[in-house]
Enquirer: 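The structure follows.
Protein chains get the first letters and strands the later ones, always in sequence-line order, with residue 1 at the start of each. The structure presented is a predicted model; accordingly, all values stated were derived computationally and were not measured.
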Number of protein chains: 2
Amino acid sequence: MVTIVDIAKKAGVSKSTVSRVLSGKGSCKQVTKDKVLVTAKELNYRPNRLAQAMITKKTGIIGLIIYRKHMPVIAHPFYGPILDVIATETKKADYSLLMMADNEVGFCPSDCFFQYRVDGLILLSRVPAELVGEIQQAGRPFVLINNTAIIEDANYIVNDDYLGAYDATMYLLNKGYRKIAYISGPLEHRSYRLRWQGFQDALTYKGHEIQPHHHYIGDLGLETGMAGVYHFLQKDSRPDAIFASNDMMAIGALKILHSLQINVPEDLAVMGFDDIEFAKWMTPALTTVRVDKKAMGRVAVKKLLDILNGKTVKNDRVVLAPKIIFRQST
Amino acid sequence: MVTIVDIAKKAGVSKSTVSRVLSGKGSCKQVTKDKVLVTAKELNYRPNRLAQAMITKKTGIIGLIIYRKHMPVIAHPFYGPILDVIATETKKADYSLLMMADNEVGFCPSDCFFQYRVDGLILLSRVPAELVGEIQQAGRPFVLINNTAIIEDANYIVNDDYLGAYDATMYLLNKGYRKIAYISGPLEHRSYRLRWQGFQDALTYKGHEIQPHHHYIGDLGLETGMAGVYHFLQKDSRPDAIFASNDMMAIGALKILHSLQINVPEDLAVMGFDDIEFAKWMTPALTTVRVDKKAMGRVAVKKLLDILNGKTVKNDRVVLAPKIIFRQST
DNA sequence: TTGAAAGCGCTACCAT
DNA sequence: ATGGTAGCGCTTTCAA
């Protein structure tokens, strides 16, 4: 590999000069500059960023940690689009992205990143509080996206899950649905706890009560949606609407309902949450609460970049407003 | 940050000894070893992999280039799952992944990777021949996945697109469909060229001819599927089956057909290609040709790792066998 | 078994 | 405007 010494030799200058020209710092004669630049190009020189990083203490790399239990990790219908804008936005700012799925064993992920001396970190979804502690202690800038645990003294971007669920329930109620069943994800998740709460509060506010058998708790997948429908249908009083706490569940519900020849929305309405890409492709297209995934990624990168660029950024949380997307399933 | 010098001081040994203990190379007394190890842990030492890489010439990083025109790049329904297994498999081997979408402007992507001195590269989908040339010239190991251009002297993993299309057409023919329309992606793409060829050859083999208006060429998206259907329906002789050259198009076709109240598969059958995740969630669930995306990622990583581990690997191409997945749309 | 010294490719400081 | 030199944190000879 070509080094600045090679350039220096060929151009007949010192390596300090080469470095200065290439980095654009310091002054020098135009002639020297040109000579160096030309030789560098001739030699097809590529700076060694590792060597640079050792001195400047800046690698130009941003680390990305994704909760491993989300399977698939990268092609995840919810997190995928977020990763996408993170990749785009970081590249615009000339940063590279080092990816890593959170490994349950030990705290390997942070280890890995620290070893590469990443400039900053973006953490998605669930992240063990200890890991965040380590990162804080190491003094590395980081931003949390949609974090499950509430962590103090940190920048984080979340969706207003409570509001989304509240509004969606109100919408359902206003549309005349009275027996709304609810399918929930695990309540340990901040998002699912808040969604469930929003749903209940809206019901209460309107003077309704949730029917005894009209709620079902499962995991985050399609199967939970299916199981939920079966659960509701077993009982005498059938719901007239189902509010699934994420789109995957809603899609599962839609599938089952179709095979049971129960018409949506005529016989039973279905509402989702997240607005993953396929929501609009379902038949019927899924009415859902849109979480602004692009904004999540964009804001996260912007915050991190601001910190890296030395702008004074005080830790705060950004709560994104959700929006109901009206389609055909309600 | 703690360095080996800090450990050396505290443990009362030289930094060479620390290095030797930590890297496990060379011998030393058990006592010294323990002392160093304990101090390292006490100090919460994290090796600086950049410094290590400068000497060993091994960064432990694998670069990943994705064709930028695929939008979304990461959450892509076809490439997403491939990225996923790449991430998983590389991590298992203790490599990190540096991601980069191919940037049309110049050859920035390779630049970026070379600057970080990645150990090897995985290139997905379209990659400019010049870029590959650069990489080859630089002597960096690399593997191509589903490459559009045919590149000599390279390891690459592709799907047998010709065979998939041929088989699928045969299946359609055997099921009794006679007027099969075909929706194609751009024929510059190796995959789409081969699929189109496979379709035609199967038809010819069975003594059928493609109807004049029964093929439509568009881009890779949903909209092409929709446009294709409209195109076919304008004409007098309506097809009894549509073979879309990818699932996104097939899904688009399904949507339109549904809104036109044309029953699938009773009035018109629809066959896709790729078997993206959502194919099975459609109503009706989509019959399609499965491309083994996991195998693509797995094989690519294995090949690259073999090269990196010094196993003699001669350049060859792996052609993965596709498989028809029978579902409800045919 | 251990330590001293050289050097990876670069930047940054101090001379000139 | 330019060159010499030190040093980033590490591995790797080579001596002791």
Enquirer: Looking across every strand, which nucleic acid part, if any, lies under 4.0 Å from B/Ser19 by heavy atom: base, sugar-phosphate, or nothing?
Expert: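 B/Ser19: base contact, heavy atoms under 4.0 Å.
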Enquirer: State which of D/dT2, D/dT12, C/dC10 makes the closest approach to the side chain of B/Thr56.
Expert: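 Comparing D/dT2, D/dT12, C/dC10 against the side chain of B/Thr56, the answer is D/dT12.
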Enquirer: Please report the distance, rounded to the nearest Å, between CE in A/Met54 and C1' in D/dC8.
Expert: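 Interatomic distance, CE of A/Met54 to C1' of D/dC8: 4 Å.
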Enquirer: Any donor-acceptor pair under 3.5 Å linking the side chain of A/Thr32 with the backbone of A/Cys28?
Expert: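 The answer is no, because no donor-acceptor pair under 3.5 Å joins these two groups.
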Enquirer: I'd like to know if A/Ser16 reaches the base of D/dG4 with its side chain such that a donor and an acceptor end up less than 3.5 angstrom apart.
Expert: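 Check passes, donor-acceptor contact within cut-off.
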Enquirer: Determine all donor-acceptor pairs shorter than 3.5 Å in which one atom belongs to a side chain in residues 295-307 of chain B; sequence neighbours excluded.
Expert:
from     : atom 1 : to       : atom 2 : distance (Å)
B/Lys302 : NZ     : B/Asp306 : OD2    : 2.9
B/Lys303 : NZ     : B/Asp316 : OD1    : 3.1
B/Asp306 : OD1    : B/Lys311 : NZ     : 3.4

Enquirer: Identify which one of A/Asn159, A/Ile122, A/Leu123 satisfies the side chain to side chain contact (heavy atoms under 4.5 Å, CB included) criterion when paired with A/Ile145.
Expert: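 Result: among A/Asn159, A/Ile122, A/Leu123, A/Ile122 is the only option passing the side chain to side chain contact (heavy atoms under 4.5 Å, CB included) with A/Ile145.
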Enquirer: Find which nucleotide of DNA chain D each of A/Ser27 and A/Lys57 is nearest to by heavy atoms, and output the residue with the more 5' nucleotide.
Expert: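 Closer to the 5' end of DNA chain D: A/Ser27.
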Enquirer: With DNA chain D as reference, determine whether B/Pro47 or A/Val13 sits nearer its 5' end, using the nearest nucleotide of each.
Expert: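 So the residue in question is A/Val13.
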Enquirer: Which nucleotide sits closest to the side chain of A/Lys25: C/dT1, C/dA12, D/dC10?
Expert: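 Of C/dT1, C/dA12, D/dC10, C/dA12 is nearest to the side chain of A/Lys25.
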Enquirer: Measure from the side-chain heavy atoms of A/Lys15 and tell me the nearest of C/dC10, D/dT11, C/dG3.
Expert: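 It is C/dC10.
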Enquirer: Look at the side chain of B/Thr32 and decide which nucleotide, out of D/dT5, C/dT2, D/dG9, has an atom nearest to it.
Expert: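 The listed nucleotide nearest to B/Thr32's side chain is C/dT2.
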Enquirer: In whole angstrom, give the distance that lies between atom CG of A/Leu22 and atom P of C/dG9.
Expert: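 Taking CG of A/Leu22 and P of C/dG9, I get 15 Å after rounding.
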Enquirer: Does a donor on one side chain and an acceptor on the other come within less than 3.5 Å for A/Thr59 and A/Tyr116?
Expert: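 Absent: no donor and acceptor within the cut-off.
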Enquirer: The side chain of A/Arg20 lies closest to which of these nucleotides: D/dG9, D/dA6, D/dT2?
Expert: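 So the side chain of A/Arg20 is nearest to D/dT2.
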Enquirer: Measure from CZ on B/Arg117 to P on D/dC10 and round the result to the nearest Å.
Expert: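 Value for this atom pair: 20 Å.
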